[in-house]
Amino acid sequence: MTVIAGLVHNGRVHLAGDSAGVGGYSLTVRRDPKVFRNGPYAMGFTSSFRMGQLLQHALRPPCPKGDLERFMVTTFIDTVRTCLKDGGWAQKESEQEQAGVFLVGVHGRLFTVDSDYQVGESADGYVAAGCGDDLALGALHATAGLGLKPRARLNSALAAAEHHSAGVTGPYTFTSTPKHSAGRQCPGAPGVTSTPPHAGTEGSTAWPTPG
């Protein structure tokens, strides 16, 4: 029970996520963020906090190179599959591997990784995932031509989802990729540059939700 929203703006990918941890009728406001950076990537997950923890803390993502779509579908996904299997989270049914859903931005492009490891890219330049995805998508569409800054659009998208979905709650956490440069090199030891919600730092920041 989640909403993750992302958009592309001026060569950067911006992501936002809520803080709901839902099980049945129980709700926990989680301190650990659903959106974060790992090396040159910005990521935001749904489906499972365990999967998100592995993507944030165990995954050592490869440096993008060559044709980006081909790279994401092959090298990147192979690395993710290995990480999730080693972490004991990936599932297998009828000889087909199943994972969860997450968004990933890199080099100014925003991708959705589905539960069957399909990699998709929306032509709209924005996307959402989780139980509040339709509500967030409607808000992103409605604000597309208003000249708002990325964080304002994402805040509106998550606020719409929170208002109309029982599975979404604040505070909201935001992160973004570095501005893409053709000469940018991956760091020697890619790591996570994010902090828990409420910390208010650049890598991953939480802001109060509308009252």
Side-chain angles (χ1 to χ4, degrees), residues 1-6 13 15-24 26-65 68-107 109-121 127-131 133 167-168 173-177 186-197 199 201 203-204 206:
M1 306 297 279
T2 289
V3 65
I4 304 295
V13 175
L15 298 179
D18 76 319
S19 297
V22 179
S26 298
L27 170 67
T28 300
V29 177
R30 299 282 297 239
R31 289 188 59 86
D32 42 335
K34 298 178 185 178
V35 298
F36 47 85
R37 290 183 192 164
N38 190 339
Y41 301 86
M43 297 184 182
F45 67 90
T46 69
S47 307
S48 163
F49 276 95
R50 176 57 179 166
M51 183 188 75
Q53 289 164 355
L54 291 171
L55 292 175
Q56 183 178 6
H57 298 296
L59 179 68
R60 291 297 176 261
C63 182
K65 59 183 178 179
L68 187 56
E69 181 179 357
R70 180 183 179 87
F71 169 85
M72 294 297 294
V73 170
T74 56
T75 305
F76 178 81
I77 288 298
D78 288 345
T79 304
V80 169
R81 287 175 57 204
T82 298
C83 174
L84 297 183
K85 285 190 290 186
D86 289 349
W89 190 83
Q91 306 170 46
K92 196 169 186 178
E93 184 176 347
S94 299
E95 297 306 309
Q96 181 180 10
E97 290 182 26
Q98 295 288 323
V101 179
F102 64 96
L103 307 185
V104 54
V106 65
H107 286 190
R109 294 173 66 178
L110 175 58
F111 301 92
T112 301
V113 178
D114 216 329
S115 59
D116 62 353
Y117 294 111
Q118 171 201 169
V119 179
E121 184 176 16
V127 72
C131 68
D133 59 353
V168 177
T173 307
F174 300 82
T175 195
S176 61
T177 59
C186 291
V192 177
T193 55
S194 65
T195 53
T201 62
S204 181

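Residue numbers count from 1 along this sequence. Atoms considered below: every heavy atom in the structure, side chains included; atoms not considered: hydrogens, waters and symmetry mates.
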Do Phe102 and Val80 have side chains that get closer than 4.5 Å, going by heavy atoms?
yes

Taking all heavy atoms of Val35 and all of Ala16, pick out the closest pair and write down the distance.
CG1-C, 3.7 Å

Side-chain (Arg50) to main-chain (Gly87) donor-acceptor, under 3.5 angstrom
yes

Mind checking what makes side-chain hydrogen bond (donor to acceptor under 3.5 Å, both in side chains) contact with Thr46, not counting sequence neighbours?
none

Do the non-hydrogen side-chain atoms of Tyr41 and Val106 ever get within less than 4.5 Å of each other?
yes

For residues Thr2 and Asp18, determine if any side-chain heavy atom of one lies less than 4.5 Å from a side-chain heavy atom of the other.
yes

How many angstroms lie between atom OG1 of Thr112 and atom CD of Glu121, to the nearest 0.5 angstrom?
9.0 Å

Heavy-atom closest pair (Leu103 atom, Gly6 atom, distance to 0.1 Å) is CD1-N, 4.2 Å

Leu84 CG to Met51 CE distance, which is reported to the nearest 0.5 Å:
7.0 Å

With sequence neighbours left out, what residues match Thr75 under side-chain hydrogen bond (donor to acceptor under 3.5 Å, both in side chains)?
none

Using a 4.5 Å cut-off on heavy atoms from C-beta on, say whether the side chain of Ser47 contacts that of Ser115.
no

N/O donor-acceptor pair under 3.5 Å between Lys34 side chain and Ala20 backbone:
yes

Is any side-chain heavy atom of Val168 less than 4.5 Å from a side-chain heavy atom of Cys131?
yes

Taking the six-membered ring for Trp, are Phe76 and Phe111 closer than 6.0 Å centroid to centroid?
no

Close side-chain approach of Ile4 and Val101, heavy atoms under 4.5 Å
no

I need the minimum non-hydrogen distance between Pro40 and Pro64, along with the two atoms involved.
CG-CD, 4.1 Å

Among all residues two or more places apart in sequence or in another chain, which pass the salt bridge (Lys or Arg N to Asp or Glu O under 4.0 Å) test with Arg81?
Asp78, Glu97

Taking every non-hydrogen atom, the tightest pair across Trp89 and Ser48
NE1-OG, 3.0 Å

Let me confirm one number: the OG1-CE distance from Thr79 to Met72, rounded to the nearest 0.5 Å.
10.0 Å

Answer yes or no: is there a donor N or O on one side and an acceptor on the other, between the side chain of Asp116 and the main chain of Gln118, under 3.5 Å?
yes

Counting N and O atoms only, with roles assigned by atom type, does the side chain of Arg37 sit under 3.5 Å from a partner on the main chain of Ser176, one being a donor and the other an acceptor?
yes

Any side-chain to backbone donor/acceptor pair from Asn38 onto Leu55? Under 3.5 Å, distance only.
yes

So how far is it from Phe45 CZ to Gln53 CD, rounded to the nearest 0.5 Å?
7.0 Å

Separation between CG (Leu59) and SG (Cys83), nearest 0.5 Å, reads 5.0 Å

Closest heavy-atom pair and its distance - Ile77, Val73:
CB-O, 3.7 Å

OG1 (Thr175) and CE (Met43) are apart, to the nearest 0.5 Å, by 11.0 Å

